[in-house]
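Worth knowing before you read on, the calculation uses all heavy atoms, side chains too, and leaves out hydrogens, waters and symmetry mates. Reminder, nothing fancy here: chain letters follow the sequence lines and each chain counts from 1.
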Amino acid sequence: MTFKIYNTLTRQLEEFVPAQPPAVRMYTCGPTVYNYAHIGNFRAYVFEDLLRRQLKYRGFAPCQVMNLTDVDDKTIKGARAAGRPLQKYTQTYKEAFFADLQTLNIERAEHYPAATEHVPEMIALIETLFRKGYAYRSEDGSVYFNISRFENYGRLARLDLAGLKPGARIAQDEYLKDNAADFALWKAWSPEDGDVAWDAPWGRGRPGWHIECSAMSMKYLGPGFDLHTGGIDNIFPHHEDEIAQSEAATGVPFSRYWMHCAHLVVDGRKMSKSLGNFYTLRDLLERGFTGREIRYVLASAHYRQALNFTIESLEAARAALRRVDEFRERLAAAAPGGPASQPDWLAQAHNAFRQGMDDDLNTAEALAALFEMVHAGNRLADAGRLTPVDAGAALAALDDMDRVFGFLAAPERKPDEAVLKLAAERQAARSRRDWPASDRLRGLIAERGWLVQDVPDGYKLKPRA
RNA sequence: GGCGCGAUAGCCAAGUGGUUAGGCACGGGUCUGCAAAACCUGUUACGCCGGUUCAAUUCCGGCUCGCGCCUCCA
């Protein structure tokens, strides 16, 4: 069995074979730090995290670079509006971004280069493009890439240049380019930029968005690398432009595999502030959902399929995870231990999990395999036929699957003294068969966020979540 | 206009030329002082019209509806 992925470049399912296994050099387009990232952004980051974890699971050693765009139109505008220096402004959102990654149990990449710290590299790259005749300076001091010089332009997006229709989205008079389809490598300083500017041989200004990713990927991964990922909307123009710039400058193929994550919609509609269906991660946490539940929802659909995100799906995630947690608890209670075992029901589920993930990260299939395992294990346990050895093996399988899923481990929460005391009082009331007092105490405990469950030999306290 | 994607049960969501995906919700049951939780169990769906085929939700064609991108949106 091999790890297959859908390569946007060829529009085909391909076996993933990095240039120098086990190393995998991968670049993932990161956030523009002008605001809190929203749930749609995080779908892409969770997808990339699943990919990263799957690579590790398969024995690869990823070196992942995720850029932080901390200078562009939006960051400059946002900083001005906030009346703060650009660096201070973006710092706030960089920190929020990393906190959010942690909330979602997203593993850290090896490198998080910030655009503002790599301007010299970008200038050098643009100089190379000048030298090779791909770049030109316009009257106002901006620099553009001449796409007519790059014959493969449009290959990734499958766009026919002749079919490009200059439409409403392009302000023809905004920039002074030779060809409307040319894109900016460098933007000449304008008064709105304030003190956000760098000196370059061709004039003062700031780098364009695309050149940032080319310069930083080359610096950390070399001129050509294995895998590049991002949101589907980045295919054109961002990734197309990255390819053009990079290959024009280096003469070697840029990324060999490209993977793109489909969009997330909320309640079946594109997320937008005016529809009131726009969520940041923080919004959802404030509503009482956990990062774990959110991660589950984001991971539960195939990454190339539009994901319909709803509050109900978060509630479904909560219930599904509770079931996994109960199963895990049950396994742990079976006093597992002894020699390793691999009963059929477990091997089957475990294999189905691997096959699902190997098949272009089919998380929905892998998740189904997980629940097949829960189901089979519970049945055996109910029948009193789950041996401690098999329970231990099942626990190990859960942990193994969680290397990729990253949401199977139940967070530990301990009730405080007051709750423990109430629960003890309730138990006392129960033993003297004082049901009204017992029920009243159950209510008090619930108010403190805990659920009492009566079990044969006493009671259990569960967070109400 | 160009390129591309989708339509699967109440909701979410895989997949397959014939054999139960899975989750949530709901019904029934076990357990329980009552509950809750948990577990077991049940509900057999593939937009429309043609075609190919012994057999189509799956392949082909058309249609309808919805969505994305088409110059700096994950």
Inset, instruction - Could you tell me which residues satisfy side chain to side chain donor-acceptor pair (under 3.5 Å) with A:R43, sequence neighbours excluded, listed by chain and number? - result: none
Inset, instruction - Name the nucleic acid region contacted by A:G208, choosing base, sugar-phosphate or nothing; use a 4.0 angstrom heavy-atom cut-off, strictly under. - result: nothing
Inset, instruction - Can you sort out the partners of A:F145 under ring pair (Phe, Tyr, Trp, His ring centres under 6.0 Å), two or more places apart, ordered by chain and number? - result: A:Y134, A:F183
Legend entry - Whole-angstrom distance between B:G17 and B:A38, as gauged at atom C1': 41 Å
Inset, instruction - With sequence neighbours left out, write down each residue that passes side chain to side chain donor-acceptor pair (under 3.5 Å) with A:K460, or none if nothing qualifies. - result: A:E329
Inset, instruction - Please check the phosphate of B:A38 (OP1 and OP2 only) for any side-chain N or O of A:R322 closer than 4.0 Å. - result: yes
Inset, instruction - Would you tell me whether A:Y36 and A:D283 have side-chain atoms, one donor and one acceptor, within less than 3.5 Å of each other? - result: no
Legend entry - P spacing across the pair B:C24 / B:G42, given as an integer number of angstrom: 15 Å
Inset, instruction - May I have all residue pairs that pass salt bridge (Lys or Arg N to Asp or Glu O under 4.0 Å) and include part of residues 304-314 of chain A, sequence neighbours excluded? - result: A:R304-A:D360
Inset, instruction - Scan A:E312 against the nucleic acid and name what it touches under 4.0 Å (heavy atoms): base, sugar-phosphate only, or nothing. - result: nothing
Inset, instruction - Could you tell me whether the side chain of A:K74 has a donor or acceptor atom within less than 3.5 Å of a complementary atom in the base of B:C73? - result: no
Inset, instruction - Among B:A74, B:C40, B:A25, find the nucleotide with the atom closest to the side chain of A:R379. - result: B:C40
Legend entry - N or O in side chain of A:K77 less than 4.0 angstrom from B:C72 OP1/OP2: no
Legend entry - Euclidean distance for C1', B:C40 against B:A74 (whole angstrom): 42 Å
Legend entry - Any donor-acceptor N or O pair under 3.5 Å, side chains A:D241, A:Y153: yes
Inset, instruction - Not counting sequence neighbours, list each pair that qualifies as a ring-ring contact (aromatic ring centres under 6.0 Å, His included) and has a residue in residues 435-464 of chain A. - result: none
Inset, instruction - Assign the ring pair A:F98 / A:Y112 to parallel, tilted or perpendicular, where the plane angle (0 to 90°) is split at 30° and 60°. - result: perpendicular
Inset, instruction - Give a yes or no on whether A:R11 atom CZ has more than 12 heavy-atom contacts from other residues, nucleotides or ligands under 6.0 Å away. - result: yes
Scan nucleotides 43-46 of chain B against the protein and return all N/O pairs shorter than 3.5 Å with their distances rounded to 0.1 Å.
none

Inset, instruction - Compare side-chain N and O positions of A:H238 against OP1 and OP2 of B:A74 and report whether any pair is under 4.0 Å apart. - result: no
Inset, instruction - For A:H375, answer base if it contacts any base atom (sugar-phosphate contacts may also be present), sugar-phosphate if it contacts only those atoms, and nothing otherwise; contact means non-hydrogen atoms under 4.0 Å. - result: sugar-phosphate
Inset, instruction - Answer with base, sugar-phosphate or nothing: what part of the nucleic acid does A:L264 contact at a heavy-atom distance below 4.0 Å? - result: base
Inset, instruction - Could you give the distance separating B:A56 and B:G50 at their P atoms, to the nearest angstrom? - result: 13 Å
Inset, instruction - Take atom CD of A:E107 as the centre, draw a 6.0 Å sphere, and report whether it contains more than 12 heavy atoms from other residues, nucleotides or ligands. - result: yes
Inset, instruction - Please say whether more than 12 non-hydrogen atoms of neighbouring residues, nucleotides or ligands are located less than 6.0 Å from CZ in A:R269. - result: no
Legend entry - Residue met sooner reading RNA chain B from 5', once A:F183 and A:H263 are mapped to nucleotides: A:F183
Inset, instruction - Would you please name every residue forming a ring pair (Phe, Tyr, Trp, His ring centres under 6.0 Å) with A:F407, sequence neighbours left out? - result: A:Y296, A:F405
Inset, instruction - Hunt down any stem RNA chain B takes part in, defined as 3 or more consecutive Watson-Crick or G-U pairs whose two distances are each under 3.5 Å. - result: B:1-7 with B:64-70, B:10-12 with B:22-24, B:26-30 with B:38-42, B:47-51 with B:59-63
Legend entry - Which nucleotide in B:C72, B:C69, B:U41 has an atom nearest any side-chain atom of A:K187: B:C72
Inset, instruction - Ignoring backbone atoms, establish whether A:R158 has a side-chain N or O less than 4.0 Å from OP1 or OP2 of B:C70. - result: no
Inset, instruction - Determine the Euclidean distance between corresponding C1' atoms of B:U8 and B:U58; express it in Å to zero decimal places. - result: 11 Å
Inset, instruction - Please identify each residue that fulfils side chain to side chain donor-acceptor pair (under 3.5 Å) with A:Y34, with sequence neighbours left out. - result: none
Inset, instruction - Determine whether A:F42 and A:L264 make a side-chain contact, defined as any pair of heavy atoms from C-beta on separated by less than 4.5 Å. - result: no
Inset, instruction - Take the protein atom CD1 of A:I39 and the nucleotide atom C1' of B:C73, then report the distance between them rounded to whole Å. - result: 16 Å
Name the pairs: protein N/O against N/O of nucleotides 30-34 of chain B, kept only if under 3.5 Å.
{"residue": "B:G33", "atom": "N7", "partner": "A:R430", "partner atom": "NH2", "Å": "3.4"}
{"residue": "B:G33", "atom": "O6", "partner": "A:R426", "partner atom": "NH2", "Å": "3.3"}
{"residue": "B:G33", "atom": "O6", "partner": "A:S438", "partner atom": "OG", "Å": "3.1"}
{"residue": "B:G33", "atom": "N1", "partner": "A:D439", "partner atom": "OD1", "Å": "3.1"}
{"residue": "B:G33", "atom": "N2", "partner": "A:D439", "partner atom": "OD2", "Å": "3.0"}
{"residue": "B:C34", "atom": "O2", "partner": "A:R442", "partner atom": "NH2", "Å": "3.1"}
{"residue": "B:C34", "atom": "N3", "partner": "A:R442", "partner atom": "NH2", "Å": "3.4"}
{"residue": "B:C34", "atom": "N4", "partner": "A:D454", "partner atom": "OD2", "Å": "2.8"}

Legend entry - Partner set under ring pair (Phe, Tyr, Trp, His ring centres under 6.0 Å) for A:H238, not counting sequence neighbours: A:W209, A:H210
Inset, instruction - Give the B/S/- string for nucleotides 12-22 of chain B, one per nucleotide from 5' to 3', where a protein heavy atom under 4.0 Å of the base yields B, of only the sugar-phosphate yields S, and otherwise -. - result: SSSS-----BS
